[in-house]
Chemist: 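To start, I am sharing the structure in question, which I have written as C-alpha cells.
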Amino acid sequence: MNSRTAYDRIYEIVQKIPRGQVATYGQIAELSNLAGKARLVGYALFRVQNADVPWQRVINAKGEISLSPLRMGTDYLQRSLLESEGIIFSDTGKIDLRKYQWRPQP
DNA sequence: CCGCTGACTCGCG
DNA sequence: ACGCGAGCCAGCG
C-alpha cells in the first residue's frame, strides 16, 4: 500500500505530467491520495530539487507560478521552462488553466 | 522528543 | 473582484 512516503507518490504523479501541460498543487494532492493537503505537495516539491521531477509544471490554483520567497529570482526560470513547452502567459503572468491544466486519461 | 515552518486552498466580507 | 484568516501534514534542529 503506502509503504512509500506520500512524497514518492507526489513525485511519481508530477513526472506523469505531459510536456506543455500543468497541474495545480491541489490536483496533485488528490492524485497522490492526499486530497486537501496541497501544502504537503508544495512542501514536497520544495524539498525535491530533482531534475527527474518537473516541479515547474506544478502551479497554484490561481494559474500563477508560486514559489518560496527564499527562491526569489527563480520565477523567471520556471516561466521560461513553461514557455519553452508552449505554455503562454497572460500579461499578468497567469496561465490559462482551462487550456493547459493536465487531465489524467482514465 | 517538541515546536516551528512551509512552492496551498477555500470561504467570507 | 480582491484581501485576509484558518486548517492541513511532514521534515528538520
Side-chain angles (χ1 to χ4, degrees):
Chain A
M1 297 293 282
N2 301 338
S3 50
R4 301 177 189 182
T5 63
Y7 288 16
D8 290 330
R9 273 176 281 157
I10 292 171
Y11 303 148
E12 193 173 325
I13 299 295
V14 174
Q15 289 176 60
K16 287 180 182 173
I17 303 174
R19 181 178 179 280
Q21 291 193 289
V22 297
T24 63
Y25 293 96
Q27 185 179 2
I28 299 299
E30 285 187 62
L31 293 171
S32 305
N33 213 14
L34 298 169
K37 301 161 199 156
R39 282 181 130 198
L40 273 295
V41 178
Y43 195 36
L45 294 177
F46 170 70
R47 293 180 65 255
V48 142
Q49 264 196 359
N50 185 348
D52 298 322
V53 182
W55 57 270
Q56 62 222 54
R57 291 181 189 151
V58 185
I59 58 177
N60 60 24
K62 300 165 208 157
E64 281 196 341
I65 296 176
S66 297
L67 55 124
S68 176
L70 304 174
R71 303 254 156 168
M72 181 174 62
T74 59
D75 55 339
Y76 79 94
L77 175 61
Q78 180 165 12
R79 178 174 161 176
S80 290
L81 290 168
L82 293 177
E83 286 181 330
S84 300
E85 298 185 355
I87 293 175
I88 307 300
F89 284 72
S90 70
D91 297 345
T92 51
K94 289 186 183 177
I95 297 173
D96 188 353
L97 287 176
R98 301 167 304 171
K99 185 176 180 181
Y100 297 110
Q101 185 167 42
W102 173 46
R103 303 226 170 149
Q105 301 301 327

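Every chain is numbered from 1, with letters handed out A, B, ... down the list of sequences.
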Chemist: Please answer whether the main-chain N or O of Leu67(A) pairs with a side-chain N or O of Gln78(A) as donor and acceptor at a distance below 3.5 Å.
Modeler: no
Chemist: Rounded at 0.5 Å granularity, tell me how far CG in Leu34(A) sits from CD1 in Ile28(A).
Modeler: 10.5 Å
Chemist: Does Arg79(A) make a cation-pi contact with Phe89(A) (under 6.0 Å, within 45 degrees of the axis)?
Modeler: yes
Chemist: Answer yes or no: is there a donor N or O on one side and an acceptor on the other, between the side chain of Glu12(A) and the main chain of Asp8(A), under 3.5 Å?
Modeler: no
Chemist: For dG6(B), does OP1 or OP2 lie under 4.0 Å from any side-chain N or O of Ser68(A)?
Modeler: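 Checking dG6(B) against Ser68(A), no side-chain N or O comes under 4.0 Å of OP1 or OP2.
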Chemist: Report all interatomic pairs (protein N or O, nucleotide N or O of nucleotides 11-13 of chain B) with separations under 3.5 Å.
Modeler:
none

Chemist: For the pair Phe46(A) and Tyr43(A), name the ring-plane relationship: parallel under 30°, tilted 30 to 60°, perpendicular over 60°.
Modeler: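 Parallel: the ring planes of Phe46(A) and Tyr43(A) meet at under 30°.
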Chemist: Any donor and acceptor pair, going by atom type alone, linking the side chain of Gln105(A) with main-chain N or O of Arg103(A) inside 3.5 Å?
Modeler: yes
Chemist: If Ile, Leu, Val, Met, Phe, Trp and Tyr residues are connected whenever their side-chain heavy atoms lie under 4.5 Å apart, and connections chain through other members, are Ile17(A) and Ile59(A) in the same group?
Modeler: no
Chemist: Between C1' on dC8(B) and CD1 on Ile65(A), what's the gap in Å once rounded to a whole number?
Modeler: 16 Å
Chemist: Rounded to whole Å, how long is the line connecting atom CD of Glu30(A) with atom C1' of dC8(B)?
Modeler: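 Those two atoms, CD and C1', are 13 Å apart.
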Chemist: Tell me the interatomic distance from Asn60(A), atom CG, to dG6(B), atom P, rounded to whole angstroms.
Modeler: 18 Å
Chemist: Can you tell me how far CD of Gln21(A) sits from CD1 of Ile87(A), rounded to the nearest 0.5 angstrom?
Modeler: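 These two atoms lie 8.0 Å from each other.
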Chemist: Between Gln27(A) (CD) and dC8(B) (C1'), how many Å, whole number?
Modeler: 14 Å
Chemist: Figure out the CZ/C1' separation between Phe46(A) and dT5(B), and round it to whole Å.
Modeler: 10 Å
Chemist: For Gly36(A), answer base if it contacts any base atom (sugar-phosphate contacts may also be present), sugar-phosphate if it contacts only those atoms, and nothing otherwise; contact means non-hydrogen atoms under 4.0 Å.
Modeler: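 Contact class for Gly36(A): none.
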Chemist: Can Tyr43(A) be classed as stacking with the base of dA7(B), given a centroid separation cut-off of 5.5 Å and a plane angle cut-off of 30°?
Modeler: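 Tyr43(A) ring does not meet the centre or angle cut-off for dA7(B); no stack.
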Chemist: Going 5' to 3' along DNA chain C, between which two nucleotides do contacts with chain A fall, using a heavy-atom cut-off of 4.0 Å?
Modeler: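 Under 4.0 Å from chain A, the extent on DNA chain C is dG7(C) to dC12(C).
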Chemist: Roughly how far, to the nearest 0.5 Å, is CD1 of Ile88(A) from OH of Tyr100(A)?
Modeler: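 So the OH of Tyr100(A) and the CD1 of Ile88(A) are separated by 4.5 Å.
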Chemist: Report the distance from atom CG of Leu97(A) to atom C1' of dC8(B), rounded to the nearest whole Å.
Modeler: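 Roughly 14 Å, once rounded to whole Å.
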Chemist: Using heavy atoms to find the nearest nucleotide of DNA chain B for Leu40(A) and Ile59(A) separately, return the residue whose nucleotide is more 5′.
Modeler: Leu40(A)
